[in-house]
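Letters A, B, ... are given to chains in the order of the sequence lines, protein chains preceding strands, and every chain is numbered from 1. Here the structure is a predicted model, which means the values were calculated and not measured.
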There are 4 protein chains.
Amino acid sequence: MTTAKATKPSSKQKLFDAALRLIGERGAAGVTVDQIAATAGVAKGTVYYNFGSKDGLVEALLRHGVDLLAEQLRRAEAVPDTESSVETLVDGALLFFGEYPEFAQLLVSEMWRTPGQFHGTLSLLRDDIVAIVKRVLQRHADAGRLCGVEVGTASAALFGTLLVVALDWQTFQRQRTREEVRESVMLLVRGMGRGQGKR
Amino acid sequence: MTTAKATKPSSKQKLFDAALRLIGERGAAGVTVDQIAATAGVAKGTVYYNFGSKDGLVEALLRHGVDLLAEQLRRAEAVPDTESSVETLVDGALLFFGEYPEFAQLLVSEMWRTPGQFHGTLSLLRDDIVAIVKRVLQRHADAGRLCGVEVGTASAALFGTLLVVALDWQTFQRQRTREEVRESVMLLVRGMGRGQGKR
Amino acid sequence: MTTAKATKPSSKQKLFDAALRLIGERGAAGVTVDQIAATAGVAKGTVYYNFGSKDGLVEALLRHGVDLLAEQLRRAEAVPDTESSVETLVDGALLFFGEYPEFAQLLVSEMWRTPGQFHGTLSLLRDDIVAIVKRVLQRHADAGRLCGVEVGTASAALFGTLLVVALDWQTFQRQRTREEVRESVMLLVRGMGRGQGKR
Amino acid sequence: MTTAKATKPSSKQKLFDAALRLIGERGAAGVTVDQIAATAGVAKGTVYYNFGSKDGLVEALLRHGVDLLAEQLRRAEAVPDTESSVETLVDGALLFFGEYPEFAQLLVSEMWRTPGQFHGTLSLLRDDIVAIVKRVLQRHADAGRLCGVEVGTASAALFGTLLVVALDWQTFQRQRTREEVRESVMLLVRGMGRGQGKR
DNA sequence: GATGAATGAGGATTCATTCAT
DNA sequence: AATGAATGAATCCTCATTCAT
């Protein structure tokens, strides 16, 4: 979401930054192209020159953001120890959402909108992410640590929970450290692994 | 969200029902007042006569929905057994979100919008809900069942997770029964109560 | 414009008072029937019950106001002395506009609107007033005091000038007394009577 | 109010011309933005692009018109002979109002609306105009030609009278020449200068 | 590669009027 | 004689998009 180097940011990059902030705050439908262009410091026409349309910008933004998130999460797959790998996954997600809270806002407000205009794009992207989570949790399951819950279900739930926990952290409880938040989530994950006695 | 009796529903009630459905599906910004009025079977002016503005309608809707949810959740407070009371709480939330999935969508897409137009209203409403959850979980904590997590934090996390789980249930896994979903969540709750050291 | 006695004012009267104030301040088009009814302390339907329409109310108001003004001005006709009669006329107009400045505002903003909705009514009413002025000025002219100006022209000009002078008095220079203002106008009137040498 | 050269008039200019005509005829509240845009031959959005709102257009129009009027009146200040300078002032006002009778209608219907939306703007503009009139009349007063009237009062009255006389001329007596009308007004001005005792 | 004036379909809002009570 | 909930045509305003420069 930011340029890697200190080179003068391109129009595309400036628009990404501006759009991410504004759309995260007010929702895709609540932001005008004028506002995005003004915040980015470019002319309105530049949006159309670079992205073709407002929706084009939003979709590019979603794709770009999910790419970054996936990249971050994939690091967990490389961790050999099963428990540590889940922890790395959780930590990576929190790291990403902590750096780009607007992206979490964008995701959460579009993710469950049944016929939303970005639903198609989002479904694919969500599947990418959940697949990564699933691969990590599968090892957890193979180690017998996921009794009674189907891996796919658990992965989807974990991703959703990560999203809202990160948002709550950024919105209502900024004073907490990432380590604390990560431990809360791990508590839940470990709960899923407990032998489930009735009551 | 529906009239209690079989009396002819008032304009306000008809508008609530219509707005809840449409706004839940497409988001507040994605629905026009014309559409809401048409769906409710009243004239557009009636929206303004009764709610003053589109935003007024949305705010009234949020308040009304949260009232219903709170009413549902408060029943858990009356349950004497601690474990059962949490179960009643979880079940009540799922019952409510299962009946009004559109409301869950509305909540999730507006709840974490930092300077959003409904953020003020929603913050208050969220506090109401979290307070109820907190009172129930407090008893859990008093019983020594909530080791290592602060009650407020746990309550917020539980509410967020309930929201997301309910949405995932309604959006991607409708075939599951409420009992199954409730058990998954209880697994997490029990996990929070598992005694365990650092890491 | 007010009830003669201390009896409880009728709905009609309350509506007259409210309408006069609001329309004088904001213009006929700038005031809603709701506002008039609310200010009058009656229900909106009462306007339609009593006057048939908003325009009906405005026209009734114009007619009523002009009647009062005409009544006031006609007193000047009864004054025997020519000079005094003009003075009485001027004083009467200022007295009336001083008491009902809103009516002056209403008149001035509708009087010269070529195809205005009240232009028909206003033309007739204006003719009534100008006719009275004319009868008074005619005596002035007969006495040789109006050299070089046609009586009709002078009457129209005098009425218009009275209107704007009264408005300026009420709007920008309330500290002046009616006597002062009257004297300024009389100065002009006497000017019209001066033998007109070139330069 | 019209372009100085034969260059293609800008959107702003076309809107000024159209708005002046329509608003003068029917009042600011009686004209729709659609009508103004259609008359100007531009799209409705162009009004909002250039003036922000309907009120913005009206205010710009008032300012622009008053500028033109002030420019016209200031020429009288340059005339050395006192009597001639007043005559030039009167003639300039009549020339302007004769060319833009709609502007006179706009002024007269908004000028004395106490809390009107344009009252702030108009007060300032009125002061500009009256100040010019005052400077011209001051010389008249210095020459002992303004006995018994305060210059400020006389200036305000003269401006108001000019307005009304011009409107009456344009509305009810178009056959009269500007010279005739100017002479009638000068008669009044000379009247103000006539030495005379009380009553 | 970028601009920004202009557009016009679409959406929020107002308000005079109606009518059942 | 009076009311006020409901209406919908009319209006103001927004904003994604286009295009000439």
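Taking a pair to require two hydrogen-bonding distances under 3.5 Å in either a Watson-Crick or a G-U wobble arrangement, dC13(F) pairs with dG10(E). Base pairing analysis places dA20(E) opposite dT3(F); the two distances defining the Watson-Crick or G-U wobble pair are each below 3.5 Å.
Nearest-nucleotide positions on DNA chain E for Lys44(C) and Tyr48(B) put Tyr48(B) closer to the 5' end. Nearest-nucleotide mapping onto DNA chain E: of Gly41(D) and Val31(C), the residue sitting toward the 5' end is Gly41(D). With the nearest nucleotide of DNA chain F identified for both Asp34(A) and Asp34(D), Asp34(D) has the one nearer the 5' end. Residue whose closest nucleotide on DNA chain F sits further toward the 5' end, between Ala43(C) and Gly52(D): Ala43(C).
dG4(F) atom P lies 15 Å from atom NZ of Lys12(B), rounded to whole Å. Taking atom NZ of residue Lys14(C) and atom P of nucleotide dA1(F), one finds them 15 Å apart after rounding to whole Å. Regarding Gln13(A), its CD atom lies at a distance of 13 Å from the P atom of dA2(E), rounded to whole Å. Rounded to whole Å, the distance from CZ on Phe51(C) to P on dA1(F) is 13 Å. When rounded to the nearest whole Å, the span between CD of Glu59(A) and C1' of dA16(F) equals 16 Å. Computed from coordinates, the Ile36(B) CD1 to dG11(E) P distance equals 12 Å when rounded to whole Å. Rounded to whole Å, the distance from NZ on Lys54(B) to P on dG10(E) is 16 Å. Between Asp55(A) atom CG and dT17(F) atom C1' there is a gap of 12 Å when expressed in whole angstrom units.
Residue Asn50(A) has no polar side-chain atom (N or O) positioned under 4.0 Å from OP1 or OP2 of dG1(E). Listed pair Ser53(D) / dC12(F) fails the phosphate criterion, with no side-chain N or O lying under 4.0 Å from OP1 or OP2. Phosphate contact (OP1/OP2 of dA1(F), side-chain N/O of Tyr49(C), threshold under 4.0 Å): present.
A donor-acceptor pair under 3.5 Å is formed between the side chain of Lys54(B) and the backbone N or O of Ala28(B). Of the possible donor and acceptor atoms, none in the side chain of Gln13(C) sits under 3.5 Å from a partner among the backbone N and O of Ser10(C). With hydrogens and angles disregarded, no donor-acceptor distance shorter than 3.5 Å links the side chain of Glu102(B) to the backbone of Ile23(B).
Taking CD from Glu25(A) and CG from Leu20(A), the interatomic distance works out to 10.0 Å, rounded to the nearest 0.5 Å.
Within the nucleic acid shown, Thr32(C) comes within 4.0 Å of sugar-phosphate atoms alone, with no base atom in reach, counting heavy atoms only. Val47(C) comes within contact range of no nucleotide atom at all, as no heavy-atom separation falls under 4.0 Å.
For the side-chain contact (heavy atoms from CB on, under 4.5 Å) with Leu57(C), the lone residue among Ile36(C), Leu62(C), Val33(C) that qualifies is Ile36(C).
Candidate nucleotides dC12(F), dT17(F), dT3(E) were compared by shortest atom distance to the side chain of Thr46(A), and dT3(E) ranks first. Distances were taken from every side-chain heavy atom of Val42(C) (C-beta onward) to each of dT7(F), dT13(E), dT3(F); the shortest belongs to dT3(F).
By the 30° and 60° cut-offs, the orientation of the rings of His64(A) relative to Phe16(A) is parallel.
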